[in-house]
Amino acid sequence: MRKQIAWGAAFAATAALVAGCSSGDAEPAETSAGPDAAESEAPAIDGTGAELVIWTDAEREEALATAAEQFEADTGATVTLVQKNFEDLRNDFIAQVPTGEGPDITVGAHDWLGALVTAGVVDTVDIGDKAAEFQQVALDAMTYDGQLYGLPYSTEAIALIQNADLVGDTAPTTWDELIEMSNEAGFEDRPFILFTNGTAGDGYSAYPLQTSFGAPVFVQDESGSYTTEVGMGGEAGEAFAQFLYDNGSAGTGVFSDTIDYDTSNQLFASGESPFILQGPWMPFFDEGDMNLVVSPMVSAGGETAAPFVGVQGFYLSAQSENALLANEFLTNYMATEDAQRTLYEADPRLPALSALAEEVSADPITAGFVESASAGVPMPSIPEMGNVWELWNAAEIQIITGADPVSTWNDMVAELEASIG
Amino acid sequence: MTVETGAPRQEPDLRESHARGWRGVGWGFVAKLLMMALVNALGLSIIFAALNVEAWGILAASTTLLIAADVIYFMKRTLPLKYIFPGLVFLLVFQVFVLGYTGYVAFTNYGTGHAGSMQQAVDAALIQDEQRVEGSPTYPLAVVDNGDEIGFAINADGEVSVGTETQPLEPVGGAVVDDAGTPVEVEGWEIVPRSALFTDQDLQNQVVALRVPVSDDAESGSIRTRDGSSGAIYSSSLDWDPDARTLTDSETGTVYEATDTGNFVAADGSSLPAGWVVTVGFDNFVDAVTDTNLSGPLAKVTVWTFAFAILTVLTSFGLGLLFAIIYNDPRIRARRTLRTLFILPYAFPAFMSALLWRGMFNREFGIINDWFFFGMDINWLGDPLLAKVVILWVNLWLSYPYWFLVCTGALQALPGDITEAARIDGAGRWRQFRSITLPLLMVSTAPLAIASFAFNFNNFTIIYMLTEGGPPFPGTSGLGSSDILISAIYSISGVDGGVANYGLASALSIVVFIVVGVISAIAFRQTRKLEEIQ
């Protein structure tokens, strides 16, 4: 009896497999809506049979699915969403597009752009008059050598977060004021949490302080594009290095290399420190029981403290066989306010569309992050940035743990310049 | 009935496998048939899938393997192959292919900036060069067809013009446009519906590639459409000459020539961003030892890799053996319970343990400094030497239970009479251990020690979870003091987000493979001498 059941199962499996082969292509994830659904005011298009493949990560899949449904209903084309880990998208896109196995569109971060352009896998995008509706920093970030390469949809930047129950709800305006507020509230040990990546270093988080001394990583030209000229050297850079040293283990001890991401979240959520410089992704925002105030980072060196702004958007494959359809989807569906709102609702990141950013700024915490991002600069996407992180992070960690600030910093700058050539 | 009478009748059955004959019930044959049906179904599905995506290599390989499987399992003469075949398939797919492909990549410059073919690099250069003419309005556009060629009909402020690739735009009279301004009727031309553009991929690609000059003057740019319903004026200054393999910038006169290294380089040394994959011979292997940026750190990493693998095996083997001997003494009570407890570190997932240890070794918050070093400020993970000590310590903690298990088993299998004889001959405990127990133990454990060495040589998990290779070496190599070769390869490959160099990473992988292979071969040869003791 048992044997017969097993054979039955074997037969069924064989039949299923053979059936699977005979139907040719695998069943698409989204089934196409019939042409009868195309009853919108848009020119009736019948794209039945055409297929767009879009790579996305889990967080954006739902939002894209909503936009894709509308697109399918209007055009009859099929949109297939392929879910991947966000970290894998970049390398998979670079590896797969040249082989012809890549998608038509992928979700991505703007700082991949240098790698995508040098790999030759990304197509330019022309959103025409719609460009005026987007925030300039988002468009700048998606621009490389004067060409727009992606449709931006969200921005993100870190901002100064303070625990209002501990230090009141007035945001500090200078570095000294921040430290004073903390000290008065009894947090001399840990007035402020920065450097949240342990011994590996965290130049990203410290960047607003660095720019407040007027020492950008790379100098921007008049159009806002980054050049390969290192801007961290000279007096401004040395002053920042000195500032790090003065607040490191050899000085006030505000900065240390012992805090990683989880520790920082724990320390701040449990009220061990009243100030942290972090992004809207921190888990303590989700718990919602903290009384928080978010404002742009204070300046320590006198100039504007500009954080790195990260922008996320959609890239078009240079080898897409459905370029017209993909462009139609990007410019006429994803670039609309409705689609961008759906994206925001599914995964609340600061919108790149100006009108929408204003709309969500009704929430004071979001408004704080929007304000911080608007003071920021795009994180450089030029490939040379890849040489920066390692040297830069290491030098900062050495300085806050007591190495001579000026010589360590200048060595780092010299080495960076040499490696860029 | 005697045995002799039954024997001749049974002879054919003995020679023929149950899976071949169809005598009586024949379940064996049915089972084989079903299994082969499954294999064929799987094979066919792979073949069809490969056909669909036009992967000819996979198609050829899977077809060959499937035919071979059918021939082997339905032929009488191929009996030995029936046993070997599944193993051979696995060897081909998972070993030979992977190694061969890694070997191939090791001889290319595949990585950031060199991802596709030269044609794709040319496409990319042209894409990156073509820019919308500043101030160009967006025109409503329709794709038109006159039977011979396709063209664009655009509506510029109410005036409809038509042009093709060779024929610049010219106004046409009597055209009809709809509310959105899109031309819907043009004399002498058939309007191609947008639906056709989306569903006919060949047509779509023609439309995407079509540039209609605005006028006879090439400088004035050409109309291009991205979505099939609107157009704008674009201009491009790069020209591709496939015969000379050059891209010429018509504005500046710069000529970019294709080089052997997979880039378009101009005479003044400037180059275009996108390159392509070329084979570079032994350059990657040479770079690993001559690149001043990389060779120093790589040499240190190599030394530490050997030290790490050897020390890990020695310390964990030693500790495991010590505990095994102690807890093998019958005078110890509750030996079973204690032994079970000893195995616990081995039972936890290694990456979890490594993360826990990482937290415990934190300079400020970790309990190691707080509890055992009077709250001293010891920078365990940030100091080059201490980071290595921490790694060895944690790996010792993780792997001694394995050796405890193995040695306990081996000790219990040792014959008691030899030790007894030695004792009678007057050998002390140390002498017994050194001359009898250890050599006999080595016979069964030495091959495991070699396997453990090979495993730890590539023990990526512990390095990545504990220190991520840090603290970093000074310089731009991207490597750190506690990196071993495999984690260095990971950094160099750029999988973690940095600048990728798959070619160099593959070359180093090949070197690691050869090193581990050679050492294992030599060591296994040596262990055969140990067996002579028995």
Side-chain angles (χ1 to χ4, degrees), chain A residues 7 10-11 13-14 17-18 20-21 24-25 43 45-50 75 77 87 90-91 94-95 97-98 101 115 117-121 123-124 126 128-129 145-147 198-200 256-258 263 318-319 321-325 327-328 331-332 383 386-387 389-391 394 401 415 419, chain B residues 30 34 37-38 41-42 44-45 48 52-53 112-113 115-117 120-121 123-125 127-128 130-132 138 180 182 194-195 197-199 201 204-205 207-208 226-230 232 273-275 293 362-365 379 381-382 468 470-472 474-476 478 494-495 497-500:
Chain A
W7 287 335
F11 262 124
T14 313
L17 280 168
V18 172
C21 318
D25 235 339
I45 309 162
D46 183 5
T48 311
T75 63
E87 304 81 60
R90 187 185 92 140
N91 283 328
I94 292 175
V97 166
E101 301 289 305
V117 168
T118 53
V121 293
D123 201 352
T124 50
D126 187 352
D129 309 334
D145 264 353
Q147 290 263 54
T199 51
S256 79
D257 67 343
T258 55
T263 330
Q319 304 288 332
E321 294 286 324
N322 301 297
L324 291 179
L325 199 62
N327 263 302
E328 169 82 12
T331 52
N332 295 340
N387 297 19
W389 293 111
E390 201 95 27
L391 287 168
T401 51
E415 208 163 345
S419 77
Chain B
V30 172
L34 282 170
L38 272 174
L42 185 69
L44 281 176
S45 78
F48 279 117
N52 251 335
V53 298
T112 300
S117 64
Q120 284 167 339
D123 289 349
I127 285 174
Q128 287 159 14
E130 186 172 32
Q131 279 189 312
R132 184 169 172 153
T138 304
T182 315
R194 283 186 83 205
S195 321
L197 297 182
F198 292 144
T199 45
Q201 227 165 42
Q204 178 166 190
N205 289 330
V207 170
V208 170
R226 288 175 187 266
D227 57 8
S229 66
S230 65
N293 215 348
N362 184 300
R363 194 172 63 166
E364 188 177 2
F365 307 99
N379 194 2
L381 300 173
E468 290 173 56
T476 47
V495 184
V499 177

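Here is the naming used below: chain letters follow the sequence lines, and residue numbers restart at 1 for every chain. Everything numeric in this text was worked out from a predicted model, so none of it was measured.
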What residue in [options] has the most heavy-atom pairs under 4.5 Å with chain B?
options: A:T331, A:D123, A:N322; answer: A:N322
options: A:G198, A:A318, A:A394, A:A323; answer: A:A323
options: A:T199, A:D126, A:N327; answer: A:D126

Residue part contacting chain A, namely of B:P472, when any heavy atom lies under 4.5 Å: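 When you check distances to chain A, only side chain atoms of B:P472 fall under 4.5 Å.
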Does any backbone or side-chain atom of B:Q204 lie under 4.5 Å from a heavy atom of chain A? Answer side chain, backbone, both or neither.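 Contact with chain A is through both the backbone and side chain of B:Q204.
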I need the minimum non-hydrogen distance between B:P273 and A:V117, along with the two atoms involved.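 So the two residues come closest at CB-CG1, 4.1 Å.
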Side chain, backbone, both or neither: which part of A:Q147 has a non-hydrogen atom closer than 4.5 Å to chain B?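 Both parts, backbone and side chain.
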Which atoms of A:A200 approach chain B - backbone, side chain, both or neither, heavy atom under 4.5 Å: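 Interface part for A:A200: neither.
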Salt bridge or not for B:R194 and A:E328, using N-O below 4.0 Å?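 Answer for the salt bridge query: yes.
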Between A:T124 and B:R226, is the side-chain contact (heavy atoms from CB on, under 4.5 Å) condition met? List the steps. CA-CA 10 Å; A:T124 50; B:R226 288 175 187 266; 3.0 Å; yes
Taking the side chain as everything from C-beta on, heavy atoms only, tell me whether A:L325 gets closer than 4.5 Å to B:D227.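 SC-SC contact between A:L325 and B:D227 ruled out.
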Would you check if B:F198 and A:L324 make a side-chain contact, meaning some heavy-atom pair closer than 4.5 Å?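 Side chain of B:F198 against side chain of A:L324, heavy atoms only: contact under 4.5 Å found.
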Donor + acceptor pair across side chains of A:D145, B:Q128 (<3.5 Å):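 Looking only at side-chain atoms, B:Q128 and A:D145 do not form any donor-acceptor pair under 3.5 Å.
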Go through the steps to decide whether B:R363 and A:S256 satisfy the test side chain to side chain donor-acceptor pair (under 3.5 Å), and finish with yes or no. CA-CA 10 Å; B:R363 194 172 63 166; A:S256 79; 5.8 Å; no
So, the side chain of B:E364 versus the backbone of A:T258: is there a donor-acceptor pair under 3.5 Å, distance only?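 No: the side chain of B:E364 does not pair with the backbone of A:T258.
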I'd like to verify something: which residue of B:G113, B:G116, B:A232, B:A124 has the highest number of heavy-atom pairs under 4.5 Å with chain A?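 Heavy-atom pairs under 4.5 Å are most numerous for B:G113.
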I'd like to verify something: which residue of B:E130, B:Q201, B:Q131 has the highest number of heavy-atom pairs under 4.5 Å with chain A?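 It is B:Q131.
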